[in-house]
There are 2 protein chains.
Amino acid sequence: MKQTKRLNLVEIARLAGTSKSTVSRVLQDQPRVSPKTRARVKEVIKKYNYEPSMFARGMTGAQTGLIAVLARWMESGFFADVIRGIDDAVKKKGGFLLCSFAEEHEEYVRLWRTLTGRGQADGVIMIAPSMDLFKEPFNPYDKPVVLCASRVPEDAAEGWDAVSAVTTDNVGAMRTLVTALADAGYRDMVHIAGLPDNVDAQQRKSGFLSAVVSHPGVQGCVIDGACTSEQGYGLMNDYLDAHTGLPDIFVCFNDSVAFGALRALRERGRRVPEEVGITGWDDEVVANDISLTTVHMPVAELGKASAEALFDSVERKSGAASGKVTMIETPICVRSTTRPL
Amino acid sequence: MKQTKRLNLVEIARLAGTSKSTVSRVLQDQPRVSPKTRARVKEVIKKYNYEPSMFARGMTGAQTGLIAVLARWMESGFFADVIRGIDDAVKKKGGFLLCSFAEEHEEYVRLWRTLTGRGQADGVIMIAPSMDLFKEPFNPYDKPVVLCASRVPEDAAEGWDAVSAVTTDNVGAMRTLVTALADAGYRDMVHIAGLPDNVDAQQRKSGFLSAVVSHPGVQGCVIDGACTSEQGYGLMNDYLDAHTGLPDIFVCFNDSVAFGALRALRERGRRVPEEVGITGWDDEVVANDISLTTVHMPVAELGKASAEALFDSVERKSGAASGKVTMIETPICVRSTTRPL
DNA sequence: GTGAAAGCGCTAACAT
DNA sequence: ATGTTAGCGCTTTCAC
């Protein structure tokens, strides 16, 4: 019952009657191997269930198959869904996921360096990083990075323009939403926006404002500062305390805010959607339970596309990443907190 | 702008005026180093921000700092919270998280082997594994495993008795809940249970049944088969179609089921908690928004305790893991879908 | 208490 | 097309 020694390259080579270089070549699908030998080696590998050591690989500076995922803490299962999408893509390549979380900027950057240094990941997927990140220079010799649910801002430090991103079009989606609402007869709109340091929040807000302007007859105003349902609940109560009337609709930054706001509305006896409409953003699982009209974020798809973009960058060793931005569509889910749109 | 070569042991040794063996000893906090030398080495390490290569470490068979997390797919952010707790604990040790997901048993076992083989993790945390897992033999030379939100069943295959677990007491918590409900005057209870192949579901169900029996004057029945909110919604509609009256309370397997059931109740004009009470289980973030009375699962704590238990097993290299079972408390959160408890 | 030296399992020149 | 060899950066005997 003692630990059987791990199978290694040399052993495989011996079993296949060849040398370890040849086996190594087969492993990497390199060209200069005769079809016959290749077949023989592959057979042995399969037969003995051999898997090359990630560590030995890493030592030589070759690809390790390790993909790092760096995230900030977020409630609402967003992370879980992204990671699932990433896992799907990474698994197909036989790689591993190295996950880490950081709250503060310093810690975030430190982890980034460590993950691609000590924990030699082939590349990093950064999930919705803080905008502070882009003050950090991105060196040409840094391991590939893909931004997920984010993109490089105009004023980023040097080097970031080569970094790819997979994200959604907040501005466009918000304009689409406002247009749909306007078409459905909603005129007086209040946007409960997100926090000032949140990029998505700013984009949705600017989308909201520009859309309102471009729809004659529609008027809108913005309330700042909600991200959690508790905040949504508080802001809605503040609003109801300060105003006698109601707008036609509350367009919330995200589902959580909408949940909280909705709870406040219902507690104060306001009927939704009869008296007032409300919309969220994200389409969390419970949005369906609550029957909230919202904008669907295809989160797993974001993750999957990010991983694919990363493989793209990793494979073109030739340096120069693409700096490509992939946009994922975000359809509107019409439910019963609004009239049919 | 060229790639600066990574700092290594030899370089640190040179800078500290000693040999690499000594540096290695310092790194591992080994005893046979003079305090003076140790201090000097530590200083250099700190000054140059040196971090030893995980790969070189792995090559020698030493600990790698890699902790594997193996999960099945679960909705509702459960995974995200556990992983966060695990990350907290692992980060303190300077380790990394290797995350993987598997749906099917075969795949699960394959990943387990790969993670501790090719991707030489020091140990594995298995989140709520399928019970099929325990049919697989656990070999004495396997890397340490800790079960999170699960525990070794009676009829497990050989070797599993040495495996530690961190979990909650479903049976006890359900008995506590039923007792509290009974004390609050609820008499006629219906338990909307989970799926038959779900261990938690079975435990909660058996807790429910045994508690009902031990409370004279209380009667209860069980409806099987809900896990998602959609299923809760469907089952509740079925129930309302089949019965003219209502029980005093619906005790649901989890929050999702409760959300769905609640939605159905409200759509049919039933008032909660005036006409009927309803409880969930998990205390998801939105449970608060919906103001659902539920049992709080301290998910991040489960993760944290699991990681700590794993370190415990990893460190006692002496073979024999403890087989210790850590129970995490699950308090009841009383909100407004029941009367005060 | 310290250092020298032998690997760990692979990749990547460099022969042939 | 295939084999030989020199490392990669660490841990770990084994001498001193």
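In what follows, chains are A, B, ... by sequence order, proteins preceding strands, each numbered from 1.
Between R40(B) atom CZ and dG1(C) atom C1' the separation is 12 Å, expressed in whole Å. Between R38(B) atom CZ and dG1(C) atom C1' the separation is 11 Å, expressed in whole Å. The CZ atom of R14(B) sits 19 Å away from the C1' atom of dA4(C) (whole-angstrom rounding). Taking atom CG of residue L27(B) and atom P of nucleotide dT12(D), one finds them 12 Å apart after rounding to whole Å. Taking atom CG on N8(A) and atom P on dT11(C), their separation rounds to 12 Å, with Å as the unit. In this structure, the CZ atom of R32(B) is 16 Å from the P atom of dA15(D), given to the nearest Å. For the pair L9(B) CG and dG7(C) P, the computed distance is 19 Å after rounding to whole Å. The CD atom of Q120(B) sits 18 Å away from the P atom of dC10(D) (whole-angstrom rounding).
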Step by step, would you call T167(A) with M327(A) a side chain to side chain contact (heavy atoms under 4.5 Å, CB included)? CA-CA 5 Å; T167(A) 188; M327(A) 287 292 183; 3.9 Å; yes
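Take K42(A) and apply the side chain to side chain donor-acceptor pair (under 3.5 Å) test, not counting sequence neighbours, and it matches no residue. Here R84(A) pairs with D88(A), E103(B) under the salt bridge (Lys or Arg N to Asp or Glu O under 4.0 Å) rule; sequence neighbours left out. Scored by the side chain to side chain donor-acceptor pair (under 3.5 Å) test, T60(B) finds no partners at all (sequence neighbours excluded). In this structure T18(A) satisfies the side chain to side chain donor-acceptor pair (under 3.5 Å) test together with T22(A), sequence neighbours excluded. Checked against salt bridge (Lys or Arg N to Asp or Glu O under 4.0 Å), K93(A) has the following partners two or more places apart in sequence or in another chain: E315(A).
Taking 4.0 angstrom as the limit, Q28(A) places none of its side-chain polar atoms (N or O) nearer than this to OP1 or OP2 of dC10(C). Here R57(B) does not reach the OP1 or OP2 of dG9(D): none of its side-chain N or O atoms lies under 4.0 Å away.
Screening residues 46-64 of chain A for salt bridge (charged side-chain N to carboxylate O under 4.0 Å, His left out), with sequence neighbours left out, gives E51(A)-R118(B). Among residue pairs with one or both ends in residues 105-114 of chain B, those qualifying as salt bridge (charged side-chain N to carboxylate O under 4.0 Å, His left out) are K91(A)-E107(B), E107(B)-R110(B), R113(B)-D142(B); sequence neighbours excluded.
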Scan the side chains in residues 120-131 of chain B for donor-acceptor partners under 3.5 Å anywhere in the protein, sequence neighbours excluded, and list what turns up.
| residue | atom | partner | partner atom | Å |
| --- | --- | --- | --- | --- |
| Q120(B) | OE1 | K143(B) | NZ | 3.1 |
| D122(B) | OD1 | T64(B) | N | 2.9 |
| D122(B) | OD1 | T64(B) | OG1 | 3.1 |
| D122(B) | OD2 | T64(B) | N | 3.3 |
| D122(B) | OD2 | G65(B) | N | 2.7 |
| S130(B) | OG | D132(B) | N | 3.0 |

Acceptor/donor pairs from residues 23-33 of chain A side chains to any protein atom, 3.5 angstrom cut, sequence neighbours excluded:
| residue | atom | partner | partner atom | Å |
| --- | --- | --- | --- | --- |
| S24(A) | OG | Q28(A) | NE2 | 3.0 |
| Q28(A) | NE2 | S24(A) | O | 3.1 |

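Contacts with DNA chain D (heavy atom under 4.0 Å) in residues 15-25 of chain A: T18(A), S19(A), K20(A), S21(A), T22(A), R25(A), listed by number. Near DNA chain C, meaning a heavy atom under 4.0 Å from it, residues 42-55 of chain A has Y50(A), P52(A), S53(A) in order of number.
With the nearest nucleotide of DNA chain C identified for both M59(B) and T37(B), T37(B) has the one nearer the 5' end.
Using a cut-off of 4.0 Å between Lys/Arg side-chain N and Asp/Glu carboxylate O, E11(B) and R14(B) are scored as salt-bridged.
Summary for the helix from dG1(C)-dC16(D) to dT16(C)-dA1(D): the axes at its two ends, each from 5 pairs, differ by 40° when rounded to the nearest 10 degrees.
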